[in-house]
Amino acid sequence: MIEKFLAKELIERIEGKLQRNFGREPEDATKQQIFRAVCLVIRDMMSELWLENQEILNDPVKKQVIYLSMEFLPGASLRNNLFNLGLSEAFQEALAAYGQNIEELYELEPDAGLGNGGLGRLASCYLDAVSSLEMAGHGMSICYEYGIFKQKIQDGNQVETADDWLSLGDIWLIEKEDEKEEVHFGGKLEEVWDDTGKMKLIHRDYTTVIAIPKDMLITGFDSRVVNTLRLWQSTSPISIDMGLFAKGEYLKSMEEKHKAEVISKILYPEDAHEEGKMLRINQQYFFISASMHTLVKNHLKVSENLDDFHHHYAVHINDTHPTMAIPELMRIFMDEYDYEWESAWDIVTKTISYTNHTVMPEALEQWPENLFAKLLPRLHSIVKEIDRRQNANLLKAFPDEEALRNEMAIIHNGKLRMANLCVTASHTVNGVSALHSTILREKLFHGFYRMTPDKFTNVTNGIAYRRWLCQANPKLSELIEELCGPGFKKDASELAGLLAYQDDASVLERLRSIKKENKLILAEYIKNHNNIIVNPDSIFDVQVKRLHEYKRQLLNLFHIMDLYNQLRENPQMEMQPRTFIFGAKAAAGYYMAKQIIRLACQLSAQLEKDPAVRDRIKLVFLENYSVSLSEMIMPAAEVSEQISLAGKEASGTGNMKLMLNGAITLGTMDGANVEIYEAVGRENMFLFGMQVEEVDQMNQEGLYSPWCYSQGNANIANILELMSKGINDVSFMDIVNSLTTGFNGASDPYYVIADFESYKQAQKNVTAAYQDINRWQKMSLANIAGAGIFSADRSVKEYAERIWGIDSIYDIL
Ligand code: NBX
């Protein structure tokens with residue numbers, strides 16, 4: 001148990017921080033200063049817990065996981081840390097003594113947005129679970145000075161602005177100057193022979209970048225284990241070249257410093273798309289090299305040599321972005337500690353495991369070999385050797401299947417394929433939902449599966465459900481506690497206890513009224529931010545996620561345009577009012593995604609202008625979708641749009657957050673939707689669309705003609721015509737063309753038009769179900785009750801048992 005603090009003690013501590021750090025008394029401190037003082041007090045408490053466990057953590061007998069990820073998306077930390085430490089009320093009381101409302105401090109905190117979307121948020125959910133389960137595990141990533149861009153909508157278009165999160169978010173970071181590392185880039189390799197005739201490779205003329213750790217402490221719910229998210233910041237060993245400066249070459253004199261600092265300057269805002277960019281390689285190697293050196297050094301503090309490295313560390317690779325951990329560990333073992341290839345490979349492959357998050361070809365990393373060799377010559381030579389040995393194995397396994405061997409090669413056609421390297425070197429490979437893992441085994445990694453079937457497993461994603469339920473939706477959480485006791489906060493499967501109330505009219509009514517209150521909060525936000533008054537009795541239909549064609553926000557917009565066309569034709573039509581809520585960021589260079597945002601915004605304006613429709617259908621595009629915004633949206637949602645083309649969405653995690661808050665999924669049989677379906681049953685969700693096998697068949701036949709569909713379906717033709725003629729005076733010919741005549745190759749590659757009728761029917765079913773309040777509330781309850789399996793605690797337990805081989809630090813004392 002964590003110590004309890006009285007408000008009085010907290011007041012003293014906060015005052016102390018204000019005086020010592022800012023020279024202020026509470027009365028004349030700014031909100032920012034109070035925020036900082038409060039965070040510092042909490043940081044001290046977390047540091048004490050952290051120190052308490054250091055001894056146990058550093059025991060080499062006790063294994064820990066190192067979760068390597070280019071992205072973490074922690075969001076805001078204050079509310080979460082207070083909740084986890086059980087100190088929310090005490091701080092609320094302490095702050096009230098100064099007339100401060102703790103909610104205002106929560107709102108002040110910028111999100112730590114060091115990630116693009118699902119993958120980064122998953123990494124943060126997992127760190128929370130590792131601490132909550134009292135396991136030892138640390139995240140490692142980059143301390144981006146600018147996180148995911150802030151999205152502004154100007155004249156209906158997305159505009160990106162820089163996210164300067166550190167201006168206040170730095171309060172959670174503890175700099176560990178004494179644990180900095182050197183990272184070497186470029187240069188050349190030289191062979192040197194010693195007296196015994198042994199050859200050594202010497203790396204010369206490289207550029208050095210310094211990596212400085214900035215540690216964010218990670219609490220868990222009701223747990224004394226505090227882990228670390230280590231974020232590396234880049235800097236140069238030379239701050240200024242005095243020679244150049246003296247010659248008057250001022251800019252040049254600081255060039256080295258700027259070149260080094262650019263590495264951790266900004267998060268790449270591209271998700272599900274890879275481009276072989278030099279800076280990206282540098283970012284990856286920078287954080288990997290620093291992280292691997294730290295692990296090796298720390299290991300050697302407690303162990304004689306590296307032979308038992310894999311007993312102390314499980315190193316997990318979150319998608320291929322941290323793949324360089326494989327050749328970098330090999331390099332350190334061989335070049336710095338004189339290991340032979342075979343023994344180094346043995347240890348490294350027992351250490352590394354890999355999660356794949358996508359099967360989309362454009363998202364699979366491939367580095368141009370020339371560029372890689374130039375930037376990282378030693379790593380290149382190691383990858384070449386891994387490839388050479390792997391090719392020999394492949395030849396043995398598949399002597400008559402040259403095409404397959406080529407597909408599985410690590411280096412092919414001048415490209416390094418990081419996924420193949422990961423699968424080759426990892427002891428375990430997993431997908432993130434049952435369906436996705438099946439696709440990995442049967443398609444993407446089929447050859448590898450044939451060679452080493454036992455390597456493959458599935459761990460369905462999970463979410464830090466306490467954040468989206470207890471913290472974001474306190475009223476619902478209180479109701480569940482009242483009905484089922486507090487046990488669900490530790491064990492999400494206890495949410496199933498709610499099922500006992502599925503026929504209890506008063507419970508169903510309370511669920512409805514909580515949803516209504518949450519809808520009112522969101523409605524107020526929409527009024528203030530979008531200047532749109534929404535009807536709180538309308539259905540809140542939500543699609544929030546990154547904007548990508550495969551996620552098919554366009555299909556949702558098709559349905560709205562169809563409703564609009566119907567209402568214009570028949571203004572008297574009876575219809576249950578709907579509010580369609582979107583939140584989505586598009587990668588800055590992704591033209592079609594930006595067009596779709598534009599379409600949503602123009603359609604929103606057009607609907608608002610039309611008195612015949614505006615009271616029945618509304619479209620709200622919420623700017624700057626983020627972790628914090630999602631915490632307001634999820635509790636207010638009633639319909640959860642999970643409408644990706646089957647086979648494309650690896651898992652989805654927004655689907656889990658929405659379900660947990662009682663929204664009902666309208667979705668395809670894709671990703672984790674399949675498991676939602678298994679958890680709640682057909683009667684508690686709305687399924688539609690082609691299944692994976694049907695999509696595969698359509699692809700194979702190659703006969704799909706969206707144009708033919710539109711000829712045979714007046715509604716589709718009318719939608720296309722509306723977009724062509726213009727919505728709010730803006731025409732969307734590029735979208736129309738991409739669907740009908742093809743843009744970058746195939747037309748309508750994500751089968752929006754093929755799935756439209758089925759989607760429309762499912763939408764009609766949604767409306768019908770909503771008319772029956774009792775039925776709807778029952779469905780909603782079944783979804784909350786069934787959400788337990790999507791807890792990140794469950795996922796992390798599976799990783800710990802089946803992949804990492806770790807346990808609670810107290811269990812193995
Ligand atoms: O990872 C997402 C998948 O699309 C989701 O289905 C899944 O639920 C989630 C967690 O497993 N992938 C994702 O978010 N990818 C990226 O963010 C990404 C970022 C950079 C990049 C490629 C992908 N270069």
Side-chain angles (χ1 to χ4, degrees), residues 67-73 113-126 141-142 144 147-149 266-277 279-281 283-284 316-323 354-367 418-419 422 429-437 439-440 458-464 544-552 584-590 593 625 627 630 642-659 667-668 670-676 750 790 792 795-796 799:
Y67 199 85
L68 298 176
S69 180
M70 280 283 271
E71 304 191 4
F72 282 86
L73 206 40
L114 311 180
N116 274 285
L119 171 144
R121 182 54 229 175
L122 187 82
S124 283
C125 284
Y126 284 177
S141 190
I142 297 176
Y144 301 107
I148 183 70
F149 63 83
I266 182 159
L267 166 84
Y268 264 92
E270 239 89 334
D271 84 323
H273 187 78
E274 272 302 330
E275 263 179 297
K277 292 253 177 68
L279 177 59
R280 179 98 177 162
I281 297 194
Q283 287 190 330
Q284 294 187 350
H316 198 81
I317 298 187
N318 196 29
D319 217 284
T320 55
H321 322 141
T323 306
Y354 155 60
T355 299
N356 170 284
H357 294 264
T358 184
V359 295
M360 307 257 297
E362 67 268 35
L364 295 175
E365 285 189 301
Q366 300 201 15
W367 293 115
M418 302 314 251
C422 276
V429 174
N430 76 287
V432 289
S433 71
L435 176 68
H436 171 62
S437 295
I439 294 174
L440 293 186
N458 172 61
V459 182
T460 298
N461 282 168
I463 56 170
V544 283
K545 49 185 81 249
R546 285 294 289 238
L547 212 139
H548 201 289
E549 286 161 284
Y550 83 79
K551 296 180 188 279
R552 301 201 295 192
K585 287 181 182 174
Y590 187 173
Y625 181 59
V627 175
S630 89
Q642 308 301 335
I643 61 179
S644 53
L645 176 65
K648 296 290 177 200
E649 188 69 272
S651 161
T653 42
N655 45 1
M656 302 169 185
K657 294 163 198 166
L658 284 157
M659 162 194 202
T668 47
D670 198 15
N673 297 354
V674 178
E675 285 152 88
I676 293 181
Y750 301 105
F790 299 113
S795 309
V796 164
Y799 277 101

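When a ligand or atom number is given, it counts from 1 through the structure's own listing order. Nothing fancy with the numbering, it's 1 onward along the sequence.
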Original post:
With a 4.0 Å cut-off on heavy atoms, is N461 touching ligand 1?
Top reply: yes
Original post:
Counting only heavy atoms, which portion of E270 has something under 4.0 Å from ligand 1: side chain, backbone, both, or neither?
Top reply: backbone
Original post:
So which protein heavy atom does atom 6 (O) of ligand 1 come closest to, and at what separation?
Top reply: E649 OE1, 2.6 Å
Subject >> Test applied, side-chain hydrogen bond (donor to acceptor under 3.5 Å, both in side chains); reference residue, Q642; option that passes from K551, R552, K545 >> reply: K545
**OP:** Return a yes/no value for G117: is any of its N or O atoms, backbone included, closer than 3.5 angstrom to an N or O of ligand 1?
**Re:** no
Original post:
Is there a donor-acceptor contact under 3.5 Å linking the side chains of N461 and T653?
Top reply: no
Subject >> Donor-acceptor pair, side chain of D670 and main chain of G647, under 3.5 angstrom >> reply: yes
Subject >> Side chain, backbone, both or neither: E365 near ligand 1, heavy atoms under 4.0 Å >> reply: neither
Original post:
Any N or O on N116 sitting closer than 3.5 Å to an N or O of ligand 1?
Top reply: no
Original post:
With no hydrogens and no angle check, is any side-chain donor or acceptor of T320 less than 3.5 Å from a backbone partner on A419?
Top reply: no
**OP:** If you have a sec, work out which protein heavy atom is nearest atom 24 (N) of ligand 1 and how many Å separate them, to one decimal?
**Re:** E274 OE2, 2.5 Å
Subject >> Residues L114, L267; criterion side chain to side chain contact (heavy atoms under 4.5 Å, CB included); working and verdict >> reply: CA-CA 7 Å; L114 311 180; L267 166 84; 5.7 Å; no
Subject >> Any donor-acceptor pair under 3.5 Å from N458 side chain to S433 backbone >> reply: yes
Subject >> Protein residue, atom and distance nearest to atom 16 (C) of ligand 1, heavy-atom basis >> reply: D271 CB, 3.7 Å
Original post:
Considering only protein heavy atoms, which is closest to atom 22 (C) of ligand 1, and at what distance to one decimal place?
Top reply: A272 N, 3.4 Å
Original post:
I676 versus F790: any side-chain heavy-atom pair under 4.5 Å?
Top reply: yes
Original post:
If only atom types and distance count, is the side chain of E549 paired as donor or acceptor with the main-chain N or O of Y750 below 3.5 Å?
Top reply: no
**OP:** Return the option from I148, L73, L119 holding the heavy atom at the smallest distance from atom 12 (N) of ligand 1.
**Re:** L119
Original post:
Touching ligand 1 at all, E71? Heavy atoms, strictly under 4.0 Å?
Top reply: yes
Subject >> Any donor-acceptor N or O pair under 3.5 Å, side chains H357, N318 >> reply: yes
Subject >> Y799: ring pair (Phe, Tyr, Trp, His ring centres under 6.0 Å) partners, not counting sequence neighbours >> reply: Y126, H316, W804
Subject >> Enumerated ligand 1 atoms positioned under 4.0 Å from heavy atoms of Y550 >> reply: 4 (O)
Original post:
Non-hydrogen atoms of R121 versus ligand 1: any pair closer than 4.0 Å?
Top reply: no
Original post:
Is there a side-chain contact between H548 and M360 (heavy atoms, below 4.5 Å)?
Top reply: yes
**OP:** Tell me which protein heavy atom sits closest to atom 21 (C) of ligand 1, plus the residue, atom name and distance to 0.1 Å.
**Re:** H321 NE2, 3.5 Å
Subject >> Nitrogen or oxygen of H357 less than 3.5 angstrom from that of ligand 1 >> reply: yes
**OP:** Closest by any non-hydrogen atom to atom 9 (C) of ligand 1: pick that one out of G118, A363, G652, A650.
**Re:** G118
Original post:
For ligand 1, does R280 get within less than 4.0 Å through its side chain, its backbone, both, or neither, judged by non-hydrogen atoms?
Top reply: side chain
